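First up is the structure itself, then whatever we jot down about it.
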Amino acid sequence: MDLSKIRNFSIIAHVDHGKSTLADRILEFTGMVSRRELREQMLDTLDIERERGITIKLQAVKIKYKDYTLHLIDTPGHVDFSYEVSRALAACEGALLLVDATQGIQAQTVANFWKAVEQDLVIIPVINKIDLPSADPERVKRQIEEVLGIPGDEAILASAKEGIGIEEILKAIIERIPPPKGDPKAPLKALIFDSYYDPYRGAVAFVRIVDGEVRPGMKIRLFSTGKEFEVTEVGAQMPKMTKLEKLSAGEVGYIAASIKDVRDIRIGDTITDAKNPAKEPVPGFRPVKPMVFAGIYPSEGYTYEELRDALEKYAINDAAIVYEPETSPALGLGFRVGFLGLLHMEIVQERLEREYGVSIVTTAPSVVYRVRLKNGQVKEIKNPSELPENMGLVEAIEEPYVLVTIIVPKDFVGNVINLCQEKRGIQKRFLYLDPNTAMLEYEMPLSEIIMDFHDKIKGVSKGYASYDYEFIGYREEDLVKLTVFINNEPVDALSFIVHRDKAYRRARQIVEKLKEVVPRQLFEVKVQAGIGNRIIASERIPPLRANVTAKCYGGDVTRKKKLLEKQKEGKKRLKQFGKVELPQEAFLTVLKVD
Ligand code: GDP
Ligand code: MG
């Protein structure tokens, strides 16, 4: 194929600014789908995406327009899924940066803009939703100039909903975005930027062909492992999976090669020709580093093996997840799973249950702490229960810090500043993007963000504040381990690490919360929290009193006494042997405190 006739672009923006809707309109305008076939946000194919109205996974489609071939990649907007955006951008030469004409620039607009700049992409700003009465495209143009440094008149005015500006956008894609470079005659080099598991095709790799070409029947080799496979099918989503004769330099599409083991397809790896291999792989992407870990255990009625199978299958569709087996005295055999953030965790949990048919219990998420021991060793702690029992061995505990960027209307600035201070934030920058919109930057412990920052900041800003964050490094803090005891037994899955200044308040809140959510038993339940073995908060959940005496209509006092006697014994036994069944809610109480 003539490279000068190819254009590869991603659509990037803040959540809800209209990326998936614009993709719909482009597919419709170019005749790739008929009006009859079109569903809203049709590239959001997962059930969970359609229900929540958010994009989680990138989607690459091939579009024929005039005599051009366009590869469009729709991306998610939420901060947890920014790894999807980076990978999508690696397959492109340009990006459409959408900005909602009513909201203006938001936190992920800025974050995604910088991702595209880092990859040297041509950026086409598009001001979307101009059909809305509250649209203020002139204000957004000024913001684009001020904040992103792109001349405002380069922005295209559009309404993805009404189909305004679509032709102009396509024209800009062809005129402003350069065609891909690459040598169709050179040995095959294909960058894997996404993968999924298909019951018929096996593990399928989505690739950007950098050099050479690939056809069915060809023997391919994966650079990282050296494993070889025979290609069974190549093609592209148009937007349905469509077989093609070949994929060649500059193109985006999929390769299937009856790959059974999902772990053979690694995101960022290079596929080459086994007979005529390329010398160097394509530089991959920085591997993703999950920041938040939680335990996942099979619920009552499901086995460890079932959970393992589900996780393995799930992992091929989600390049960001990592997991390893773990044993908990309270919960048995399970996994410690790494996530990009809380939304990611919620989605994984829901998809495992709905799409992979296991029911699970998730423990409270924790960041990865770094513990420096006095003997010079450094340990990474993904589970607070791994903290050494003997704190005398510990030199210092470090926790991950992030730089948080917040964009908020000026009326809520005071509230946001108060919240950030409460969250141990250190202000780094405070400026106005325009007379009504402030941008703040804070350095903050990641643990404070995963606690409840999202709900809190939305709460104090009536939903108007948006934020994004990136990891900036580890810092030493005065941290202690809080252990929760239920009837004097430490519950590993409920222990967590907290700043010493907040330990008392948190301990109190947690035992109170647990008192609410742990169902009353036939025996008394003691709920306590302590630093080491020193209890600093305690609550009692009174027993359910099975009213045995009610049966002895009146009179017979000795019989009544006997029964009460018996009941007491029973209670003692239960206390001793009985195990309190904790509901899932209990494991998340650690997060739900004010
Ligand atoms: P994404 O998160 O960026 O992919 O955004 P979506 O495409 O899912 O759109 C988010 C919401 O904005 C949906 O309810 C869309 O119907 C709506 N929307 C998208 N584009 C427009 C537009 O141009 N005008 C109006 N009024 N609504 C739009
Ligand atoms: Mg979307």
Side-chain angles (χ1 to χ4, degrees), residues 9-29 32-33 35 38-61 72-89 92 95-113 115-116 123-137 139-141 155-170 172 194 237 239 318 341 343-344 346-347 407 454 458 463-464 466-468:
F9 67 99
S10 293
I11 309 180
I12 56 176
H14 190 75
V15 189
D16 275 351
H17 282 198
K19 298 173 289 294
S20 300
T21 307
L22 178 64
D24 289 348
R25 281 297 89 65
I26 291 179
L27 290 174
E28 186 187 39
F29 187 87
M32 295 304 293
V33 288
R35 208 158 242 289
L38 192 77
R39 319 193 277 168
E40 270 177 39
Q41 286 105 34
M42 73 178 296
L43 296 184
D44 288 342
T45 47
L46 298 170
D47 286 349
I48 195 164
E49 290 183 314
R50 303 198 65 80
E51 274 166 31
R52 291 180 177 233
I54 55 168
T55 307
I56 295 166
K57 254 184 101 62
L58 65 87
Q59 284 293 336
V61 286
L72 171 161
I73 309 184
D74 185 21
T75 66
H78 192 280
V79 53
D80 279 16
F81 305 117
S82 64
Y83 186 49
E84 298 277 323
V85 181
S86 306
R87 282 154 36 216
L89 294 175
C92 298
L96 299 180
L97 177 67
L98 258 62
V99 187
D100 184 318
T102 67
Q103 291 189 1
I105 286 185
Q106 301 287 299
Q108 271 82 42
T109 317
V110 181
N112 288 330
F113 166 76
K115 283 203 186 78
I123 296 164
I124 302 173
V126 175
I127 300 177
N128 189 34
K129 307 198 185 182
I130 56 159
D131 60 291
L132 290 174
S134 54
D136 187 354
R139 168 181 163 238
V140 179
K141 268 189 192 174
I156 299 170
L157 302 188
S159 163
K161 190 158 191 180
E162 308 285 330
I164 301 166
I166 308 302
E167 192 167 10
E168 203 186 331
I169 290 171
L170 287 165
D194 197 13
Q237 305 197 87
D318 185 346
L343 178 62
H344 186 216
E346 210 178 288
I347 300 253
I407 294 181
H454 184 83
K458 293 288 172 190
Y464 284 111
S466 68
Y467 68 97
D468 192 272

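All of these numbers come straight from a predicted model, not from anything done at the bench. Order of appearance sets the numbers: ligands from 1, and atoms from 1 within every ligand. Quick note: residue numbers are just sequence positions, from 1.
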Check: For ligand 1, which atoms, with element, lie under 4.0 Å from some heavy atom of N128?
Finding: 20 (N), 21 (C), 23 (O)

Check: In the protein, what heavy atom is nearest to atom 1 (P) of ligand 1, and what distance, to one decimal place, separates them?
Finding: K19 N, 3.5 Å

Notebook entry, point to check: With a cut-off of 4.0 Å, which atoms of ligand 1 are near a heavy atom of L132?
Noted result: 26 (N)

Notebook entry, point to check: Does Q237 use its side chain to pair, donor to acceptor, with the backbone of A60 at less than 3.5 Å?
Noted result: yes

Notebook entry, point to check: Do the non-hydrogen side-chain atoms of L22 and I169 ever get within less than 4.5 Å of each other?
Noted result: yes

Next item on the list: Provide, to 0.1 Å, the distance between atom 5 (O) of ligand 1 and the closest protein heavy atom, together with that atom's residue and name.
Entry: G18 N, 3.2 Å

Checklist line | Test side chain to side chain contact (heavy atoms under 4.5 Å, CB included) applied to S10 and L89, N112, V85, the passing residue | finding: L89

Next item on the list: Write out the residue and atom name of the closest protein heavy atom to atom 15 (C) of ligand 1, then the distance separating them to 0.1 Å.
Entry: T21 OG1, 3.7 Å

Next item on the list: Just say parallel, tilted or perpendicular for the rings of H454 and H78, cut-offs at 30° and 60°.
Entry: tilted

Item checked: Closest approach of any protein heavy atom to atom 2 (O) of ligand 1, naming residue and atom -> D16 N, 2.8 Å

Note to self: Would you say that E84 contacts T75 through its side chain, given a criterion of any heavy-atom pair below 4.5 Å between the two side chains?
What the structure shows: no

Next item on the list: Evaluate salt bridge (Lys or Arg N to Asp or Glu O under 4.0 Å) for D74 paired with K19, printing each intermediate quantity in order.
Entry: CA-CA 7 Å; D74 185 21; K19 298 173 289 294; over 6 Å; no

Note to self: Tell me which pairs pass side chain to side chain donor-acceptor pair (under 3.5 Å) where either residue lies in residues 155-167, with sequence neighbours left out.
What the structure shows: D131-S159

Checklist line | atom 27 (N) of ligand 1: the protein heavy-atom neighbour that sits closest, reported with distance to 0.1 Å | finding: K161 CD, 3.5 Å

Next item on the list: Name the closest protein heavy atom to atom 13 (C) of ligand 1, giving the residue it belongs to and the distance to 0.1 Å.
Entry: Q41 NE2, 3.9 Å

Check: Any idea which protein heavy atom is nearest atom 26 (N) of ligand 1, and the distance to it?
Finding: D131 OD2, 2.9 Å

Item checked: Under-4.0 Å protein heavy-atom contact, atom 7 (O) of ligand 1 -> yes

Checklist line | Smallest separation among heavy atoms of R139 and T102, with atom names | finding: NH1-O, 3.8 Å

Notebook entry, point to check: Between L157 and P137, which heavy-atom pair has the shortest distance, and what is it?
Noted result: CD2-CB, 3.9 Å

Next item on the list: Please work out which of K129, H14, H17, E49 has its closest non-hydrogen atom nearest to atom 11 (C) of ligand 1.
Entry: K129

Note to self: For a distance under 2.8 Å, give residue and atom name for each protein N, O or S atom next to the Mg ion (ligand 2).
What the structure shows: S20 OG, T55 OG1

Margin query: Please evaluate residues L170 and I26 with respect to the criterion side-chain contact (heavy atoms from CB on, under 4.5 Å), reporting the C-alpha separation (whole Å), side-chain torsions for both, the decisive distance (0.1 Å), and the verdict.
Written below: CA-CA 8 Å; L170 287 165; I26 291 179; 4.0 Å; yes

Note to self: Less than 4.5 Å apart, side chain to side chain, heavy atoms only: is that true for T55 and F81?
What the structure shows: no

Check: What protein heavy atom sits nearest atom 23 (O) of ligand 1, and how far off is it?
Finding: A160 N, 2.8 Å

Notebook entry, point to check: Just checking, is any N or O donor in the side chain of D468 or H14 under 3.5 Å from an acceptor N or O on the other one?
Noted result: no

